Amino acid sequence: MAHNLIFLGPPGAGKGTLAVRAKDLLAVPHISTGNIFREAIAEKSPLGLKVKAIIDAGKLVDDETTVALVRERFTRPDIRSGYILDGFPRTIAQAEALASFSKVDAAVNFDIEDAAVLERLGGRRVCRKCGFNWHRKFNPPINEKVCDKCGGEVYTRDDDKAEAIQKRLAVYREQTAPLTGWYREKGLLVNIDANGNVEEILTLFKKALNL
Ligand code: AMP
């Protein structure tokens, strides 16, 4: 059975971390629009140059650009086995666009308290090379600037700085949170408690999807 899944929830809820585990379990591609944008920024491609200031400020990239990116990604054949969309859709307009070219099986909503989100985002450190998410307090690399997995440089995302975090949470509440109601009405919403660690969340995820 194909698993066409969306991961919903505020920034810092652990969507990306769980997606890395769940994609292996389900043998489906993990598609993170945030990662695609960050790669484009690192490459200084036209897309990267266009979105850098928007992302650094914690705002959303416009729907047209984002939907075009996902549509393009969906032309690749690996999508036939299913997908985990992490960080897309983030607006009702994006959800409507997605519905026009793919049938979603479930929207998994990561339910988490604000205090936990602030702690996770404030301490998050990312490897520039392999993309692994470290945490200053909960899961630090041995040397704070070097990735234990690949030797890449470990850094703080510009949008994980205090001001941008506040902006991202406000944007989430205004524009993305309404998606939970949208998917609930369609009978596709699956809520999981995301306050625990990745192993606990993975267990709840499997249970919720009967895996
Ligand atoms: P993320 O890694 O998912 O937190 O995404 C990082 C940033 O990329 C977001 O704060 C937005 O600026 C941008 N972004 C990612 N996905 C989307 C999307 N679906 N719509 C608009 N902007 C997005």
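Both counts, for ligands and for their atoms, begin at 1 and track the order of listing. Fair warning: this is a prediction, and the values are worked out from it, not measured in the lab.
- Using a 4.0 Å cut-off between charged nitrogen and carboxylate oxygen, R73 and D78 count as a salt-bridge pair.
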Give every donor-acceptor pair under 3.5 Å between a side-chain atom in residues 173-187 and any protein atom, sequence neighbours left out.
from: R173; atom 1: NH2; to: D114; atom 2: OD2; distance (Å): 2.9
from: T176; atom 1: OG1; to: R90; atom 2: O; distance (Å): 2.7
from: T180; atom 1: OG1; to: A177; atom 2: O; distance (Å): 2.8

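- Here side chain to side chain donor-acceptor pair (under 3.5 Å) pairs that include residues 188-198, with residues two or more places apart or in two chains, are N109-N191, D193-N195.
- Minimum interatomic distance between I54 and V61 (heavy atoms only, all atoms of both residues): CG2-N, 3.9 Å.
- Judged by distance alone, the side chains of H30 and D86 do bring a donor and an acceptor atom under 3.5 Å apart.
- The side chain to side chain donor-acceptor pair (under 3.5 Å) test applied to T156 returns R125, not counting sequence neighbours.
- Listed by chain and number, T33, G34, F37, R38, I55, K59, L60, V61, T66, G87, F88, R90, Q94, R157, D159, R168 each place a non-hydrogen atom less than 4.0 angstrom from ligand 1.
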